[in-house]
Protein chains: 2
Amino acid sequence: MVDAVAGTDAGAGGEARRITAAVLVVGDEILSGRTRDSNSGTIAARLTMMGIDLSEIRVVPDETDRIVEAVNALRARYTYVFTTGGIGPTHDDITADAVAAAFGVGIDVDPRARAILATHYATEADLTPARLRMARIPDGAELIANPLTKAPGFRIGNVYVMAGVPKIMEAMFEGIAPTLEVGAVVLSETVDCPYGEGTIGTALAAVQKAHPDTAIGSYPTFAGTHFSTKLVVRSRDAEALARGVAAVRAMLAEIAAADLASTASY
Amino acid sequence: MVDAVAGTDAGAGGEARRITAAVLVVGDEILSGRTRDSNSGTIAARLTMMGIDLSEIRVVPDETDRIVEAVNALRARYTYVFTTGGIGPTHDDITADAVAAAFGVGIDVDPRARAILATHYATEADLTPARLRMARIPDGAELIANPLTKAPGFRIGNVYVMAGVPKIMEAMFEGIAPTLEVGAVVLSETVDCPYGEGTIGTALAAVQKAHPDTAIGSYPTFAGTHFSTKLVVRSRDAEALARGVAAVRAMLAEIAAADLASTASY
């Protein structure tokens, strides 16, 4: 089975401009191990489906300097940067201010964001200072809609600032996705391999060398007593992918034949 | 309930030297979203229990330049760097060579590592070129034992290079852990809060300001129609922690009393 995405220019070859991205996760709770980050994996899978190469993930603490440094390093390097976390109403939510600092622009309560929040609360008095923190938007940024709980994210330059709560992040991302420039989708096919990497490694390297228009990854699973492996062949070109997969299957058939004639395993 | 770790110098105060760490995850499969990284979360939780501050997580692709750059950036900045992934026997396993390049040292099949692998296979002939890739160790590195599948990791300088398969990584880490310098453990206590962050944010900021010897984090959960929040108070000092927690509880009691008198909710 070829994993791909309908409706894209999948298989059109590798000529398209490469679109790259980084995910920046802001949160002490991830670094302490208290919370497992699921947002970066969610974004990774979505970007892959869109033909955008996620090239780096960073997790940094709730510290202004660290966020500023990471935002500036990543936005200079990649087409897009997606941040998650730190845009709520509490004192430890400092991402918006840090992103403004990274861009060297001012930040204040934004009338558009304030108006959105106002529709969400019964009275003006409910717009407490804490809640109004969620309306702090860097100068020049566009809002990112939050269909679930109203408080918006924002885009400034190539940096998309989203909430950390997974459901809200996902809703924000789905709003952003249609606006992103996408590349040719990387097609991939997975071949299950009953052997460990030590058994196939030499032959697999030869297959990779003979098929430079594919990228072949090898992902071992250790089942307590022995390894099995998933061999993932990737290419932006459907025919190259098919050739690579056929070569991997032929390699496994050869190893199986040789295996019958010996006791080698692992 | 105070989360802490028996047998450490927990609660001894914050005087100890701060021990910091970074995790560097090497793997295209994480960046493509194919595989969810669990190793960084596992290491994060273990380091927190040991009083080591995990200060950054980076995920980079299977590309030598990117690994070299990340290793050098992180090892200059933190007490320890833990890498996972890319030390198996296949062509895409390039972490050992990249780490050698980062340190500017040579790398070759290491006699100690080769001897370990030899005990694992029936014959010399089983030590294929692919398997011998797993014995490539940078000059001057110490081996990290792999009690599960033999092929070792290694330490060079302050960089610990471990396998990407979670069970093997965990076994390697447990071997390393007793050798690490540890700090005072950060104690934490979690207070469940039935309100959203917008309701508590202003008061919580005041509590944080009044208790600078604690770090108070606020972690919202969105349950489809409303938010609840977990308030986590952290300190290396047990008494400071207790004071901070008491202040958070008092704050919640006040909000609950006010809530009875109004219809406000998040």
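In what follows, every chain begins at residue 1, and chains take the letters A, B, ... in the order their sequences are listed.
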Side chains of [X] and [Y]: does their closest heavy-atom pair fall under 4.5 Å?
X	Y	value
V248(B)	V233(B)	yes
V185(A)	R236(A)	no
D28(A)	Y219(B)	yes

> Highest number of heavy-atom pairs under 4.5 Å with chain A: which of A203(B), G201(B), S55(B)?
Replying inline: S55(B)

>> Between D92(B), D62(B), D53(B), who has the most heavy-atom pairs with chain A when the cutoff is under 4.5 Å?
In response: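 Most heavy-atom pairs within the cutoff with chain A belong to D92(B).
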
Greatest number of heavy atom pairs closer than 4.5 Å to chain B - which of [options]:
options	answer
I200(A), T221(A), I216(A)	I216(A)
K209(A), Q208(A), K167(A)	Q208(A)
L54(A), V23(A), I57(A)	I57(A)
L204(A), I168(A), V25(A)	L204(A)
G41(A), G88(A), P129(A), A45(A)	G41(A)
L31(A), T202(A), T90(A)	L31(A)

Test: [X] and [Y] ion pair at under 4.0 Å:
X	Y	value
R114(A)	E124(A)	yes
R77(A)	E69(B)	yes
R46(A)	E170(A)	no

If I measure from the heavy atoms of chain A, does [X] come under 4.5 Å with its side chain, its backbone, both, or neither?
X	value
V232(B)	side chain
T35(B)	neither
S38(B)	both
R36(B)	side chain

[X], part contacting chain B, at a heavy-atom distance under 4.5 Å:
X	result
R133(A)	neither
D93(A)	side chain
T42(A)	both

> So which heavy atom on T84(B) is nearest to which on A163(B), and how close?
Replying inline: CB-O, 3.7 Å

>> Please evaluate residues T190(A) and L231(A) with respect to the criterion side-chain contact (heavy atoms from CB on, under 4.5 Å), reporting the C-alpha separation (whole Å), side-chain torsions for both, the decisive distance (0.1 Å), and the verdict.
In response: CA-CA 6 Å; T190(A) 300; L231(A) 301 175; over 6 Å; no

>> Heavy-atom count check: over 12 atoms from other residues, nucleotides or ligands less than 6.0 Å from E254(A) CD?
In response: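 Counting other residues, nucleotides and ligands, CD of E254(A) stays at 12 neighbours or fewer.
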
>> Rounded to the nearest 0.5 Å, what separates atom CE in M134(A) from atom NE2 in H120(A)?
In response: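 One finds 7.5 Å between CE of M134(A) and NE2 of H120(A).
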
